[in-house]
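Beneath this line is the structure, given in structure tokens, with notes to follow.
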Amino acid sequence: MSAQEKNNKLEALASLCKRRGFIFQTSEIYGGLNGFWDYGPMGAELKRNIKDAWWKAMVHEREDIVGLDSAIIQHPRTWEASGHLEGFTDPMVDCKACKKRYRADQFCEEQGLKLEFDENKKPKLPEGAKCPACGSKDIIPPRAFNLMFKTYVGPQEDTSTLAYLRPETAQGIFAQYNNVLACSRVKVPFGIAQIGKAFRNEINPRNYTFRSREFEQMELEFFVKPGSDAEWHDYWVAERLKWYSRIGLPEGHLHRYVYGKDELAHYASACVDVLYDFPFGTQELEGIAARGNFDLSRHQQFSGKSMEYFDQDTKEKFVPHVVEPSAGTDRIALALLCEAFHEEWVPTSDVAGSQPIPVDYDNPKQPQGCELRTVLRFAPCIAPIKVAVFPLLKNKPDLVNKARGVYDTLRKRWSAFWDVAGAIGRRYRRQDEIGTPFGVTVDFQTLEDDTVTLRERDTMQQVRVKIGELSERLAVAIEK
RNA sequence: GCGGGUGUAGCUCAAUGGUAGAGCUCCAGCCUUCCAAGCUGGCUAUGACGGUUCGAUUCCGUUCACCCGCUCCA
């Protein structure tokens with residue numbers, strides 16, 4: 001795909017997302033706010049389905065993982081212990097002459113120098129630093145920048161009440177590790193799962209919703225016996241890839257990035273990123289890290305509370321090591337939208353043949369005898385609406401009443417959609433655009449034999465099904 | 001943060017220093033026996049603030065947002 005083509009595809013997708021209620025710019029009426037996005041009716045369903053699928057796979061279908069929902073604002077000491085207060089920053093420098101930008105530490109190392117810090121811990125360039133590209137010494141000094149959002153707890157606004165919006169949900173898990181252990185009767189190896197918002201004051205939000213300042217994480221901390229880290233890390237990488245396949249991101253469209261030893265944090269023994277081929281590049285959806293006992297040890301040190309685990313079987317006492325699969329809900333939502341998004345030319349006459357033709361974004365010309373169909377091919381478990389119900393004609397009360405009955409039955413079990421407006425073809429296409437996998441139409445034959453047509457989104461094929469068998473038939477596809 | 005681009009209706013686009021248009025969508029009605037048909041009617045817009053001007057959507061400035069490149073992404 002050419003760069004232009006990718007750009008056109010993302011633009012077409014963003015336009016659809018707004019038109020059909022998936023994603024809106026936040027505070028749009030006030031001109032928007034950089035790095036923040038809202039989800040409309042369809043987007044809210046989509047995200048909920050992603051989170052439900054994750055929770056189901058990680059918590060409900062397993063015996064060794066329990067859930068947690070910790071506060072967004074934690075005690076500030078949390079972030080001292082986690083290292084975010086100190087190290088959650090990447091000072092940058094710019095060359096005034098050639099406009100190149102560097103990370104300050106890398107900029108210095110490249111010329112055999114070391115980034116210095118003044119008495120306020122503010123970074124500054126050492127003597128003699130110059131731009132490696134053009135040799136200029138006219139460098140904009142490094143700007144220190146902590147990515148945590150600050151706020152104040154209570155009426156006083158001073159350093160005694162300073163607090164932070166969490167930059168990750170994980171630390172809430174570590175901080176409650178003892179309580180969870182005491183109440184839930186879990187034994188190592190076990191995990192604590194959490195879904196929630198996190199906040200990072202990114203320097204440069206980019207790529208639609210990909211890098212946002214407010215985002216949702218789905219994190220698991222899986223506590224294991226020291227020494228079994230590698231084995232469990234491999235296990236979770238495989239497990240997570242299986243999950244992506246289940247929600248409609250096949251392994252062929254994902255990539256694994258295995259960190260080299262020199263790229264790992266000093267306490268980590270392994271890290272694998274799961275990447276997806278977005279139109280704007282191959283980018284991270286999830287990081288799966290083996291973090292040793294760094295986090296629990298740090299909280300033990302900063303809180304003075306023991307984080308040791310006593311193994312009844314072996315009579316050993318240890319601080320468990322942890323494997324952390326940490327996924328971004330919004331990034332997965334965007335990946336699913338990109339993966340599902342298809343525009344195709346569908347034939348309206350024999351001139352065009354019978355097969356739909358995918359749109360060529362470099363040359364989006366309409367073939368003769370065709371019209372455009374936009375369709376989101378979501379996996380049924382992810383689709384915001386599972387089934388739409390239509391009476392064939394809206395001015396025939398018998399059809400409308402009969403269809404209404406079918407709708408009332410189906411909506412008790414799934415998110416369903418009722419539509420009587422316009423020609424039947426138009427109603428099908430509207431559902432295609434929001435990715436509804438099934439359409440059920442009540443026609444005149446229904447009044448005679450109690451069968452309806454069941455139309456499948458991707459193939460547009462229809463089969464006749466007894467109303468009484470509809471639910472079971474849908475369940476097979478939706479709830480697998 | 002730097003450089004480039006773009007902001008007009010829900011979407012895609014047009015136009016103009018002097019009444020802002022179209023197509024699609026959406027809503028209502030009619031019609032319609034399975035894939036965006038047709039007819040009638042309707043709602044909706046110059047991102048924000050300031051300046052120049054008799055008059056600014058148009059020119060100028062500032063700002064905000066989005067896209068691209070650089071950069072960054074624990």
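Naming: A, B, ... by sequence-line order, numbering from 1 per chain. Model, not experiment: these values are computed from the prediction.
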Roughly how many Å is it from CD in A:E28 to P in B:G47, rounded to a whole number?
12 Å

Residue met sooner reading RNA chain B from 5', once A:K396 and A:Q25 are mapped to nucleotides:
A:K396

Taking atom C1' of B:C34 as reference, at what distance in whole Å does atom CG of A:L454 sit?
13 Å

Nucleotide B:C34, atom P - distance to CD of A:Q461 in whole Å:
16 Å

Taking only the side-chain heavy atoms of A:L10 (C-beta and beyond), determine which of B:C68, B:U33, B:U32 contains the nearest atom.
B:C68

Whole angstrom value for the distance that separates P of B:C67 from CG of A:L334
11 Å

Could you say whether A:F444 or A:E168 is positioned toward the 5' end of RNA chain B, judged by the nucleotide with the nearest heavy atom to each?
A:F444

A:Y257 side chain to A:E263 side chain, donor-acceptor N/O pair below 3.5 angstrom
yes

Over 60° means perpendicular and under 30° means parallel, so tell me whether A:Y428 and A:F390 are parallel, tilted or perpendicular.
perpendicular

Does B:G38 pair with anything, Watson-Crick or G-U wobble, both distances under 3.5 Å, and if so, with which nucleotide?
B:C30

Could you measure between the two P atoms, the one in B:A56 and the one in B:U46, and give it in whole Å?
15 Å

Nearest-Å distance, CG (A:D38) to C1' (B:A65)?
14 Å

Base B:C67 paired with A:Y208 side chain (donor-acceptor, <3.5 Å)
no

For a quick check of understanding: with a heavy-atom distance under 4.0 Å over all strands, which category does A:R373 fall into, base, sugar-phosphate or nothing?
nothing

When the C1' atoms of B:U12 and B:G51 are considered, how many whole Å apart are they?
33 Å

With rounding to whole Å, what would you report as the distance between B:G41 and B:C34 at their C1' atoms?
28 Å

Taking B:U8 as the reference, what is the distance to B:C67 when you measure between their P atoms (whole Å, please)?
14 Å

Just by distance, no angles: are the side chains of A:E219 and A:T169 close enough, under 3.5 Å, to form a donor-acceptor pair?
yes

Any donor-acceptor N/O pair under 3.5 Å between B:C34 base and A:D443 side chain:
yes

Against the six-membered ring of A:F210, is A:R331 placed for a cation-pi contact (under 6.0 Å from the centre, within 45° of the normal)?
yes

Base, sugar-phosphate, or nothing for A:E371, non-hydrogen atoms under 4.0 angstrom?
sugar-phosphate

Which nucleotide, if any, forms a Watson-Crick or G-U wobble pair with B:A20, using both distances under 3.5 Å?
none

Give the ring-plane orientation class for A:F278 versus A:F280, where under 30° counts as parallel, over 60° as perpendicular and anything between as tilted.
parallel

With a cut-off of less than 4.0 Å, is there a side-chain N or O of A:N34 near OP1 or OP2 of B:C66?
yes

Candidate nucleotides B:C35, B:U32, B:C2, ranked by approach to the side chain of A:R206 - the nearest:
B:C2

Distance check, P atoms only: B:A20 and B:C35, in whole angstrom units.
42 Å

Rounded to whole angstroms, how far apart are CZ on A:R200 and P on B:C72?
17 Å

From CZ of A:R213 across to C1' of B:C66 the rounded distance in Å is 14 Å

Sequence-aligned protein contact record of nucleotides 21-30 of chain B, with B where the base is within under 4.0 Å of a protein heavy atom and S where only the sugar-phosphate is
----SS--S-

Which whole-number value in Å describes the distance from A:Y30 OH to B:C49 C1'?
16 Å

For B:G38 versus B:U57, give the span between their P atoms, rounded off to a whole number of Å.
36 Å

Basic-acidic side-chain contact under 4.0 Å: A:R77, A:E80
yes

A:R427 near the nucleic acid: base, sugar-phosphate alone, or nothing, with a heavy-atom cut-off under 4.0 Å?
nothing

Give the nucleotide from the list B:U32, B:A65, B:C68 with an atom nearest to the side chain of A:A423.
B:U32

Is the backbone of A:F378 close enough, under 3.5 Å, to the side chain of A:R457 for a donor and an acceptor to pair up by distance?
yes

What does B:A48 pair with, Watson-Crick or G-U, if both distances are under 3.5 Å?
B:U62

Can you check whether A:K18 has a side-chain N or O nearer than 4.0 Å to OP1 or OP2 of B:G10?
no

Give A:E324 one of three labels, base, sugar-phosphate or nothing, depending on what nucleic acid heavy atoms sit under 4.0 Å from its own.
nothing

Scan A:G328 against the nucleic acid and name what it touches under 4.0 Å (heavy atoms): base, sugar-phosphate only, or nothing.
nothing

My understanding is that a pair needs two contacts under 3.5 Å, Watson-Crick or G-U wobble. By that rule, which nucleotide pairs with B:C72?
none

How far does the P atom of B:C70 sit from the matching atom of B:C11, given to the nearest Å?
29 Å

Write down the distance separating the C1' atoms in B:G17 and B:C13, rounded off to the nearest Å.
23 Å

Output yes when a side-chain donor or acceptor of A:E344 lies under 3.5 Å from a complementary backbone atom of A:V346, and no otherwise.
no

For A:S15, which contact category applies under a 4.0 Å heavy-atom criterion: base, sugar-phosphate, or nothing?
sugar-phosphate

Watson-Crick or G-U wobble partner of B:A56, both distances under 3.5 Å:
none

side-chain N/O A:N207 vs B:C68 OP1/OP2, d < 4.0 Å:
yes

At 4.0 Å (heavy atoms only), tell me whether A:L16 reaches a base, stays on the sugar-phosphate, or touches nothing.
nothing

Quick one: label A:Q462 by what it contacts on the DNA or RNA (base, sugar-phosphate, nothing), any heavy atom closer than 4.0 Å.
base

Answer yes or no: does atom CZ of A:R464 have more than 12 heavy-atom neighbours from other residues, nucleotides or ligands under 6.0 Å?
yes

Any sub-3.5 Å donor-acceptor pair from A:H342's side-chain atoms to A:A340's backbone N or O?
yes

Under 6.0 Å between the ring centres of A:Y177 and A:F223?
yes

Does the B:A36 base have a donor-acceptor partner in the side chain of A:Q431 within less than 3.5 Å?
no

Searching all strands shown, indicate the nucleotide that pairs with B:A9 (Watson-Crick or G-U wobble; both distances under 3.5 Å).
none

